[in-house]
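Residue numbering restarts at 1 for every chain, and letters A, B, ... go by the order of the sequence lines.
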Amino acid sequence: MQKAEGLSPLPPWRRTDYCGNLRAGDAGREVALWGWVASRRDHGGLIFIDLRDREGIVQVVFNPERAAAAHQIARQMRLEYYVAVKGAVIVRSEATVNKELATGEIEVAAQEAQILNESVSPPFPIGDEAAAEDIRLRFRYLDLRRPEMQRNLRRRHRALAGARAYLDSQGFVEIETPILWRATPEGARDYLVPSRINPGKFYALPQSPQLLKQLLMVSGFDRYYQVARCFRDEDLRANRQPEFTQIDIEMTGPRTEDVMAVGEGMIASIYRHALGVELPLPFTRMKYDDVFARYGTDKPDLRFGLEILELSQPFAGTGFRIFAESLSRGETIHGIRLPANFALSRRELDEMTESLRLRNGLGLAWVRASAGGWQGPIAKFVAADEGARVAEAAGICEGDLLLMVAGERSRVLPVMGDLRLQLGTRFGLRESDARCFLWVSDFPLLEYNAEERRMVPVNHPFTAPHPEDLERLNSDPLSVRALSYDLVLNGEEIGGGSIRIHNRELQLRIFELLGFTREQAEEKFGFLLEAFGYGAPPHGGIAFGVERISMMLCNTDSIRDVMAFPKTQKAVDLMSGAPSDVSQVQLDELSIRVTK
RNA sequence: GGGGUCGUAGUUCAGCCCGGUUAGAACGCCGGCCUGUCACGUCGGAAGUCGUGGGUUCAAAUCCCAUCGGCCCCGCCA
């Protein structure tokens, strides 16, 4: 009898409401619900079932005197059974109201009930507490049943809905581009897909639709966007998966400010749709040089100060031998002023000094400003007037601590940036729920890669050089700025883009700088260079990381918490077992021999 | 490729340092009783290759080595 019912593919009646939506205003209504048994309290007579669906939980009461048949069914119910219930919404007596539940003022008095499907005992409780992550991933469909994951994925959906609504309102056209595409050099490792029809040849999954969206500008769509899946075969991190999603945007003829305006308009729409929050616009804007000098990184967390100070000037002619030698080598001295209300123990200072020495081979000097002058291991090497000069330059007050490192500027600044983050973490300054958005622009175009002994693009090889720096492209390429920009939120890069090159000759010159011969450039990017020859308009754009944004919206540190079916750090899907072996027949068809 | 950390009933964890009864607890599960619970209560019960393999030892969850897996980090990720 029970089994026969369970076999029916159709539920016995239509659902009228979601469990979690019922309120006191529904009192007196006859409702029909479907849901999972989240809790069962059997009093021998009365049975209480907490019924859960995507909107939440409602209590159902089974009374053997009023609905004997339904009560008999409720006796069979167990956790995570999927059941259908019909009954009346009734207001609970004052003594039995549950303030913990959104539906706690009412309950459903069951008149009919049916078990639609039984459940074996779940491998972990479907509740607020997360189990060990490997079991969650193995039974992901159950993990996603948990309210927290339901909330996260629906919030991600709202974010995308907000992005689409905004971009549509601004005249952007959503266009899908191929997943099977061609391998291109530079950048991350490609995921390859063998071609059966063309033995020995491979497609690559796109690392981003970069070139395709540029070609769409050549086509004249003028404003394009796509919620684009991207693939990069690199090692995973807490915020990195091999496949991820970007909101990819490209437009014809923008200046940097135009792209920023669209980007922040879209982000504002995302926050409005996902959280009901109105973001103040425009976002803060800074140039890369300034950001790097003040924060030692290109993605600063602006929720706190503790900016890096350049102290080379006030230390000129110092009696402190180590600093003096550094300065004589053309190196610089940087410091961070830690105000007196942030107290570091001597032991913490020693640990910081030691870890800096071990990790970077750099010495940390520190002094504390007291009424009688400086205190600390190096205080005795610094003359009073010199100390006063530094104190003034750094804005030191009594009780403040000054942490200093001397060395090559490009090496010391990132170290100071790390130190700044460490201090921010140590004093709880990064726990603030403030949202500090920041546009960083004018990155360098190129950097020197010592390993490959050549210049590589900081962004990608299609980024346009800053017009003011064009003349230095040959004489001093490393000093050339790019028309590029990133959007940073609380120390995380959530988007980035650039104005592109749309001129064939300029693009060829950049390829040349990067060490491509003309033939190589033609072979790899001939279709792009060819397209530029057909009246390609100036264009530029940006791409935003959907998971990064969703992580911020959901207040989580793990990308897996905002993806339905993520992979482990070894890029394995614990649920399906991907990647898996394939049959010899499949390999033969693809002309592939596995050597390991 | 490298460093760190975790792995014990279905789940969450204790036990591991300092080797020595039958490896415990809570929740869950199974059965009985219970008409206002919502961490229901109550009585009883089942449940463990201590990740895997090897070594040391009279004796290993415990010490050593290797290995597998989850997580975090460095490299890598234009």
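- With G28(B), G70(B), C76(B) as the choices, the nucleotide that has an atom nearest any side-chain atom of D134(A) turns out to be G70(B).
- A95(A) comes within 4.0 angstrom of no nucleic acid atom, judged by non-hydrogen atoms across all strands.
- Base pairing annotation: A39(B) forms no Watson-Crick or G-U wobble pair, as no partner gives both donor-acceptor distances under 3.5 Å.
- If you check every strand for non-hydrogen atoms under 4.0 Å, I47(A) touches nothing.
- In this entry the distance linking CZ of R75(A) with P of U37(B) reads 21 Å, nearest Å.
- A salt bridge is absent between D26(A) and R23(A); no separation between the charged side-chain nitrogens and carboxylate oxygens falls under 4.0 Å.
- For G75(B), its base sits under 3.5 Å from the side chain of D235(A) at one donor and acceptor pair at least.
- Side-chain atoms of R232(A) and base atoms of C77(B) include no donor and acceptor less than 3.5 Å apart.
- Look at CD on E547(A): it is 14 Å from C1' on C77(B), rounded to the nearest Å.
- To the nearest whole angstrom, the two P atoms, one in G54(B) and one in A61(B), are 14 Å apart.
- Of the candidates U37(B), C77(B), G28(B), U37(B) carries the atom nearest the R92(A) side chain, counting heavy atoms from C-beta on.
- Looking at every heavy atom in both residues, M286(A) comes nearest to V291(A) through CB-CG2, 3.4 Å.
- Counting distance only, with no hydrogens placed and no angle test, the side-chain atoms of R41(A) and the base atoms of C34(B) include no donor-acceptor pair under 3.5 Å.
- Rounded to whole Å, the C1' atom of U8(B) lies 12 Å from the corresponding atom of U49(B).
- For H460(A) and C77(B), the NE2 to P distance is 15 Å, given to the nearest whole Å.
- In the interface, the side chain of E129(A) is not paired with the base of U12(B) through any donor and acceptor atom under 3.5 Å apart.
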Q | Criterion side chain to side chain donor-acceptor pair (under 3.5 Å) on D301(A) and Y295(A), from CA distance to verdict | A | CA-CA 8 Å; D301(A) 187 344; Y295(A) 302 101; over 6 Å; no
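- A distance of about 37 Å separates the C1' atoms of C33(B) and C50(B), rounded to the whole Å.
- Within 4.0 Å (heavy atoms only), D233(A) reaches no atom of the nucleic acid at all.
- Within 4.0 Å of R66(A), counting heavy atoms only, lies no atom of the nucleic acid at all.
- Rounding to whole angstrom units, CD of residue E452(A) and C1' of G75(B) are separated by 14 Å.
- Within the structure, a side-chain polar atom (N or O) of R237(A) is placed less than 4.0 Å from OP1 or OP2 of C74(B).
- Between G15(B) and U62(B), the two C1' atoms lie 9 Å apart (nearest whole Å).
- Taking the C1' atom of each, A47(B) and C29(B) are spaced 9 Å apart, rounded to whole Å.
- Across all strands shown, G24(B) is found opposite C13(B) as a Watson-Crick or G-U wobble partner, with both distances under 3.5 Å.
- For the pair R78(A) and C30(B), the criterion of a side-chain N or O lying under 4.0 Å from OP1 or OP2 is met.
- Spacing between G4(B) and A66(B) at atom P, rounded to whole Å, works out to 12 Å.
- Under the Watson-Crick or G-U wobble criterion, with both distances below 3.5 Å, G48(B) is left unpaired in every strand shown.
- Going from atom CZ of F48(A) over to atom P of A39(B) covers 13 Å, rounded to whole Å.
- Near RNA chain B, defined here as any heavy-atom distance below 4.0 Å, the residues from residues 566-573 of chain A are T568(A), Q569(A), K570(A), listed numerically.
- For G36(B), the base has a donor-acceptor partner in the side chain of E107(A) [N/O atoms by modelled type, under 3.5 angstrom].
- Remark on RNA chain B: of its neighbouring residues G44(A) and S208(A), the 5'-side contact belongs to G44(A), judged by nearest-heavy-atom nucleotide.
- When the P atom is compared between G10(B) and C30(B), the two are found 15 Å apart, to the nearest whole Å.
- Spacing between atom CD of E133(A) and atom C1' of G7(B) amounts to 15 Å, rounded to whole angstrom units.
- A stacked arrangement is not assigned to H43(A) and the six-membered base ring of U37(B), the conditions of a centre distance below 5.5 Å and an interplanar angle below 30° not being jointly met.
- For Y81(A), the OH atom sits in a packed shell: over 12 heavy atoms of surrounding residues, nucleotides or ligands are nearer than 6.0 Å.
- For the pair L421(A) CG and C73(B) P, the computed distance is 14 Å after rounding to whole Å.
- Per the geometry, CG belonging to L236(A) stands 14 Å off C1' belonging to G75(B), to the nearest Å.
- Closest to the R240(A) side chain, of the nucleotides G36(B), U12(B), C77(B), is C77(B).
- The 12-atom threshold is exceeded at CZ of R182(A), counting heavy atoms of other residues, nucleotides or ligands nearer than 6.0 Å.
- Mapping F124(A) and V458(A) onto RNA chain B by nearest heavy atom places F124(A) at the nucleotide closer to the 5' end.
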Distance-only donor-acceptor hits, side chain of residues 92-102 of chain A, under 3.5 Å, sequence neighbours excluded:
unit_1: R92(A); atom_1: NE; unit_2: G104(A); atom_2: O; d: 3.3
unit_1: R92(A); atom_1: NE; unit_2: I106(A); atom_2: O; d: 2.9
unit_1: R92(A); atom_1: NH1; unit_2: T96(A); atom_2: O; d: 2.9
unit_1: S93(A); atom_1: OG; unit_2: T96(A); atom_2: OG1; d: 3.1
unit_1: T96(A); atom_1: OG1; unit_2: S93(A); atom_2: N; d: 3.4
unit_1: T96(A); atom_1: OG1; unit_2: S93(A); atom_2: O; d: 3.0
unit_1: N98(A); atom_1: OD1; unit_2: E100(A); atom_2: N; d: 2.8

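- Taking only side-chain nitrogens and oxygens, R548(A) never comes nearer than 4.0 Å to OP1 or OP2 of C77(B).
- The residues E492(A) and R240(A) are annotated as not salt-bridged, no charged nitrogen and carboxylate oxygen being separated by less than 4.0 angstrom.
- In this structure a side-chain-to-backbone donor-acceptor pair under 3.5 Å is missing from R454(A) to N449(A).
- Distance noted for atom P between C64(B) and C18(B): 9 Å (whole Å).
- With a cut-off of 3.5 Å on both pairing distances, the Watson-Crick or G-U wobble partner of U5(B) is G70(B).
- Comparing atom distances between the L574(A) side chain and each of U11(B), C38(B), G70(B) picks out G70(B) as nearest.
- With both pairing distances under 3.5 Å, C63(B) is matched to G55(B) as a Watson-Crick or G-U wobble pair.
- Within a 6.0 Å sphere centred on CG of D557(A), other residues, nucleotides and ligands contribute 12 heavy atoms or fewer.
- Atom CD of E129(A) sits in a sparse spot, with 12 or fewer heavy atoms from other residues, nucleotides or ligands closer than 6.0 Å.
- When heavy atoms are screened at a 4.0 angstrom cut-off, Q59(A) is found touching base atoms of the nucleic acid.
- By the 6.0 Å contact criterion, CZ on R66(A) is open, its count of non-hydrogen atoms from other residues, nucleotides or ligands being 12 or less.
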